[in-house]
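Since the structure is predicted, the reported quantities are computational estimates derived from the model, not experimental observations. Keep in mind that the numbers below use all heavy atoms, side chains included, and drop hydrogens, waters and symmetry copies.
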Amino acid sequence: METLAAYGSGSDSEPEPAVSYGAIASFKNKLRVLEATPAVVERDEVKPYDFIAADAKVVEYNPTVEQMYAPQLGPANPFKTQQAAAQKNMFCGFVENTGVSDFQFDAQRKTFHTQGYAEDPTAYNQSVGTKYVGAVEKAEENQGRTVFEDEKEKRKKRKREHFGDPSDPEGYKGPWAEYVDQVKTSGPTEEQRATLDEWAARKEPKANAKPDENEKTILHIEDSHDYQGRSFLVAPKDGAVNLYNPEPPEKCFLPKKLLHTWDAHNKGVAKVILFPKTGHLMLSCGMDSKIKLWELYGKRRCVRTYSGHAKAVRDIVFNNDGSKFLSASYDRMIKLWDTETGACLSRFTTKKIPYCVQFHPDDDKQNFFVSGMADKKIVGWDINSGEITQEYDRHLGAVNTITFIERNISFVSTSDDKSLRVWDWDIPVDRKHIADPSMHAIPSCSLSASGKWLACQSMDNKISIFATQKLRLNRKKVFKGHMVAGYACQCNFSPDNSYLMSGDADGRCFIWDWKTTKVYKRFKAHDGVCIGCVWLPHETSKIVTCGWDGKIKLWD
C-alpha cells in the first residue's frame with residue numbers, strides 16, 4: 001500500500017501531491033471488503049470417510065457401523081416403492097458373503113425343518129450367549145442339538161418273566177417265557193366278525209343272482225312256429241340256398257350293391273354275429289343296452305328283443321346249437337339267455353367289466369365258458385354250478401379277445417398290454433407269450449374257416465396274420481390301407497378264405513385279396529364307424545356290416 005500510495009505520474013514537470021496516512025488507511029479497508037476469494041479448508045482438516053458412495057464397490061479404510069448403515073442422502077425417486085428402493089446387488093435383493101460354513105448352514109436348516117428351531121445368526125459373538133428362533137422351548141429342552149447331534153435313547157433290553165422251576169414240567173417256561181410288557185392281541189369281536197364276513201361276501205363272485213326287474217323280452221312276429229310246430233330257430237329249406245350244406249361255397253365274389261338296411265338300435269351297434277352253422281338269423285347288440293334277433297332270409301324282420309342290461313352290451317356269443325347265447329355288458333354282468341323264449345337263465349359277475357365271452361367249442365363242454373375281464377384276468381365259469389372253475393391271471397392289461405385253436409385244446413388271448421398268450425384249457429399258466437416292441441394292442445381277432453390262420457386287428461392300422469399251428473407271425477401277410485386306430489373294428493374271412501374284410505373308422509368297408517394282400521374293394525358303408533362285418537357262410541357275395549350310426553346293412 002505504501003508503494004501504491006507513493007506511486008506518482010513520474011513527470012518531473014508536475015509537482016507531487018501530498019497524501020495523508022488516514023486516506024491510505026480508509027482505502028485499504030475498502031479493498032478488504034471487495035475480496036471475493038472463498039475460504040479454503042486445509043488438507044489436514046478434511047475427513048475422507050465422512051460420506052460413502054452408494055454404488056462404491058471398494059472402500060480403502062475401515063468405516064464404522066454407523067457410517068456403513070447411514071441413510072442414503074440425495075434426491076429420491078418419488079415413484080419407487082419401498083421394495084424397489086431397497087438396496088440391491090442382485091435382481092432379487094441384497095446378497096453378501098457370511099462366515100457360516102456350508103455344513104453349519106445345512107445343519108441349522110435341517111434342524112429348523114425337522115425340530116422347528118435354529119440358532120439366531122444375529123446373536124453370534126454376543127455376551128448373552130446363543131439365541132434361538134422358532135420353537136424356543138423345544139430348543140431348550142433338546143439343549144439346542146441339531147439333527148446331526150440328536151442322541152437317541154439306548155434301547156433298553158426287554159425283561160422276560162421268571163422262567164420257573166425246571167423240575168415242574170408244566171410251570172417251567174425257560175427261554176420261552178413271555179416279556180413283561182408284552183401285549184397280547186385278541187381277535188375281532190362277534191360284531192366285527194359279522195361285518196368282515198359281510199364285506200368278504202360282497203367281494204366273492206356271484207352267479208344266479210336275483211332276477212332283474214328290467215329283464216324283459218318282446219316277440220315281434222306272430223308266426224313264431226310254422227305249420228309243423230318248428231320254431232324260428234329252424235332254418236328254412238325252401239330257399240334258393242341250401243343252408244344245411246356243411247361245405248362252403250367254391251368261389252366267393254365281391255359285393256356290389258346294398259340289398260337291405262335295418263334300423264337296428266337307437267344308439268350305435270357294437271357287434272353282430274350269425275346263427276351257428278346255418279346263418280339264417282343274426283344277433284346284434286347295441287349301446288342302447290338291448291340285444292335283437294333278425295331274419296336274414298324272407299321278410300328280414302326283427303324276431304325278438306332281449307332287454308335286461310343296465311348299460312351298453314359289449315359282446316355276445318352263441319353256443320354250438322344256437323339255443324342259448326351269452327351277453328357281456330358294461331354293467332359288470334354276464335347273462336345267459338334262451339334264444340327262443342327270451343328268458344334270462346343265469347347271471348354271472350365278478351364285480352368287474354367283462355370285455356369278451358366265449359363258449360368252449362366242444363359239444364361235451366357246452367356248460368363251460370370263459371370271459372376276459374377289465375382287471376387283467378380270464379375267468380372260467382361252469383354254467384351248471386354257477387361257480388368259477390379257473391382263473392388265468394398273467395396279462396398286464398384288460399383282456400380283449402379269446403379264440404380257441406388247435407382242435408379246442410388251447411386258446412389265444414389278446415390284451416391291452418400289446419401281447420398274445422396261449423393257454424391250455426384249465427391250466428392257469430400260459431405256455432407261450434408273444435410280445436414285441438413293434439406290436440400294438442389287438443382289440444379284435446378272427447379265425448379263418450379252415451382254422452389255420454388267425455387274423456388280428458392291430459391298433460397301428462394293419463391286420464397281422466398268425467399261423468395257428470405254432471402261433472407264428474406271418475410277416476408276408478400284412479393288410480393295410482384302413483384306419484382303425486382307437487376303434488375295435490372287427491375283421492373277418494370269406495367262407496372260402498379267398499378274401500379278408502374289415503371295418504374302418506371312417507365308415508368304410510375294406511376287402512383284401514388273401515394271396516396278394518391288395519385292396520380289391522372299398523366302399524362307404526356307414527355314416528359313423530363301421531365297427532363290424534361278417535360274411536354269410538353259405539353265400540358267395542353277401543356280407544353284413546354294422547356301424548355306430550345304429551344301422552345294420554346287407555350287401556351283395
Inset, instruction - Could you tell me whether the side chain of Ser371 reaches within less than 4.5 Å of the side chain of Asp315, counting heavy atoms only? - result: no
Legend entry - Residue pair Ser498 / Asp513: nearest heavy atoms and the distance that separates them: O-OD1, 3.6 Å
Inset, instruction - Indicate the atoms forming the closest heavy-atom contact of Thr401 with Cys445, along with that distance. - result: OG1-SG, 3.6 Å
Legend entry - Residue pair Arg314 / Tyr355, side-chain donor-acceptor N/O under 3.5 Å: no
Legend entry - Note, Leu296 side chain near His280 side chain (heavy atom, < 4.5 Å): no
Inset, instruction - Give a yes or no on this: more than 12 heavy atoms of other residues, nucleotides or ligands lie within 6.0 Å of atom NZ of Lys480. - result: no
Inset, instruction - Output, in order, the C-alpha distance, side-chain angles, deciding distance and verdict of side-chain contact (heavy atoms from CB on, under 4.5 Å) for Lys216 and Ile218. - result: CA-CA 7 Å; Lys216 299 177 182 179; Ile218 302 174; 5.7 Å; no
Inset, instruction - Specify whether Trp512 and Phe510 have parallel, tilted or perpendicular ring planes, treating 30° as the upper limit for parallel and 60° as the lower limit for perpendicular. - result: parallel
Legend entry - Side chain Tyr297, main chain Leu281, donor-acceptor under 3.5 Å: no
Legend entry - Distance-minimising heavy-atom pair for Asn461 and Val484: OD1-N, 2.9 Å
Inset, instruction - Using the six-membered ring wherever Trp is involved, compare the ring planes of Phe411 and Trp425 and label them parallel, tilted or perpendicular (cut-offs 30° and 60°). - result: perpendicular
Inset, instruction - Please name the pair of heavy atoms, one in Ala270 and one in Val313, separated by the smallest distance, quoted to 0.1 Å. - result: CB-O, 3.4 Å
Legend entry - Between Asp424 and Ser410: side-chain donor-acceptor atoms closer than 3.5 Å: no
Inset, instruction - State whether the number of non-hydrogen atoms from other residues, nucleotides or ligands found under 6.0 Å of Lys432 atom NZ is greater than 12. - result: yes
Inset, instruction - Look at the side chain of Ser346 and the backbone N and O of Leu336, then say whether any donor-acceptor pair between them is shorter than 3.5 Å. - result: no
Inset, instruction - With the side chain counted from C-beta on, respond yes when Met439 and Ser419 share a heavy-atom pair under 4.5 Å apart, and no when they do not. - result: no
Legend entry - Closest non-hydrogen atom pair between Asp288 and His265, with its separation: OD1-ND1, 3.1 Å
Legend entry - Pair Thr146-Lys110, side-chain contact (heavy atoms from CB on, under 4.5 Å): steps then yes or no: CA-CA 8 Å; Thr146 63; Lys110 293 179 180 179; over 6 Å; no
Legend entry - Lys477 atom NZ: more than 12 heavy-atom contacts under 6.0 Å: yes
Inset, instruction - Any chance you could measure Lys418, atom NZ, to Asp460, atom CG, to the nearest 0.5 Å? - result: 9.5 Å
Inset, instruction - Could you tell me whether the side chain of Ser307 and the main chain of Glu215 form a donor-acceptor pair under 3.5 Å? - result: no
Inset, instruction - Output yes when a side-chain donor or acceptor of Thr305 lies under 3.5 Å from a complementary backbone atom of Thr217, and no otherwise. - result: no
Inset, instruction - Tell me whether the centres of the aromatic rings in Phe348 and Phe369 are closer together than 6.0 Å. - result: yes
Legend entry - Check: Trp548 ring centre within less than 6.0 Å of Tyr487 ring centre: yes
Inset, instruction - Evaluate the side-chain proximity of Phe359 to Ile383: yes if any heavy-atom separation is below 4.5 Å, no if none is. - result: yes
Inset, instruction - For the pair Asp375 (side chain) and Lys352 (backbone), establish whether a donor and an acceptor sit closer than 3.5 Å, ignoring hydrogens and angles. - result: no
Inset, instruction - Please answer whether the main-chain N or O of Lys351 pairs with a side-chain N or O of Arg332 as donor and acceptor at a distance below 3.5 Å. - result: yes
Inset, instruction - Count the heavy atoms belonging to other residues, nucleotides or ligands that lie under 6.0 Å from CD of Glu250, then report whether that count exceeds 12. - result: no
Legend entry - OG1-NZ distance between Thr517 and Lys462, expressed to the nearest 0.5 angstrom: 12.0 Å
Legend entry - Atom NZ of Lys553: over 12 foreign heavy atoms under 6.0 Å: yes
Legend entry - Student check: side-chain heavy atoms of Val534 and Ile273 closer than 4.5 Å: no
Inset, instruction - Verify, without hydrogens or angle tests, whether Thr468 (side chain) and Lys452 (backbone) share a donor-acceptor contact under 3.5 angstrom. - result: yes
Inset, instruction - Report, as yes or no, whether the 6.0 Å neighbourhood of atom CG on Asp102 holds more than 12 heavy atoms from other residues, nucleotides or ligands. - result: no
Inset, instruction - Please determine if Asp417 and Arg394 form a salt bridge, counting it only when a charged side-chain N lies under 4.0 Å from a carboxylate O. - result: no
Inset, instruction - Answer yes or no: is there an ion pair linking Asp506 with Arg508, defined by an N-O contact shorter than 4.0 Å? - result: yes
Inset, instruction - May I have the step-by-step check of side-chain contact (heavy atoms from CB on, under 4.5 Å) for Leu243 and Val241, ending in yes or no? - result: CA-CA 6 Å; Leu243 301 178; Val241 180; 4.2 Å; yes
Inset, instruction - Look up atom CG in Leu447 and atom CD1 in Ile405, then write down how far apart they are to the nearest 0.5 Å. - result: 8.0 Å
Legend entry - 4.5 Å side-chain heavy-atom contact, Tyr499 and Cys252: yes
Inset, instruction - State whether the number of non-hydrogen atoms from other residues, nucleotides or ligands found under 6.0 Å of Arg300 atom CZ is greater than 12. - result: yes
Inset, instruction - Could you tell me the separation between the CD atom of Gln457 and the OG1 atom of Thr414, rounded to the nearest 0.5 Å? - result: 11.5 Å
Inset, instruction - Enter the distance from Thr189:OG1 to Leu196:CG here, rounded to the nearest 0.5 Å. - result: 9.0 Å
Legend entry - Exercise: do His482 and Asp504 side chains pair donor with acceptor under 3.5 Å: no
Inset, instruction - Supply the atom-to-atom distance Tyr306 OH to Leu293 CG, rounded to the nearest 0.5 angstrom. - result: 4.5 Å
Inset, instruction - Indicate the ring-plane relationship of Phe103 and Phe148, choosing parallel, tilted or perpendicular according to the 30° and 60° boundaries. - result: tilted
Legend entry - Residue pair Asp338, Arg304: steps toward the salt bridge (Lys or Arg N to Asp or Glu O under 4.0 Å) verdict: CA-CA 11 Å; Asp338 187 284; Arg304 187 179 284 276; over 6 Å; no
Inset, instruction - State whether the side chain of Ser541 and the backbone N or O of Phe253 hold a donor-acceptor pair below 3.5 Å, judged by distance alone. - result: no
Inset, instruction - Evaluate the criterion side-chain contact (heavy atoms from CB on, under 4.5 Å) for residue pair Ile388 and Thr350; output intermediate values, then yes/no. - result: CA-CA 10 Å; Ile388 293 178; Thr350 60; 4.2 Å; yes
Legend entry - Heavy-atom side-chain contact between His220 and Lys292 under 4.5 Å: no
Inset, instruction - Return yes if some donor-acceptor pair links the side-chain N/O of His526 with the main-chain N/O of Ile552 below 3.5 Å, else return no. - result: no
Inset, instruction - Using a 4.5 Å cut-off on heavy atoms from C-beta on, say whether the side chain of Trp514 contacts that of Phe479. - result: yes
Legend entry - Atom NZ of Lys324 with >12 non-hydrogen neighbours under 6.0 angstrom: no
Legend entry - Non-hydrogen atoms of Gly528 and Asp549 that approach each other most closely: N-CB, 4.2 Å
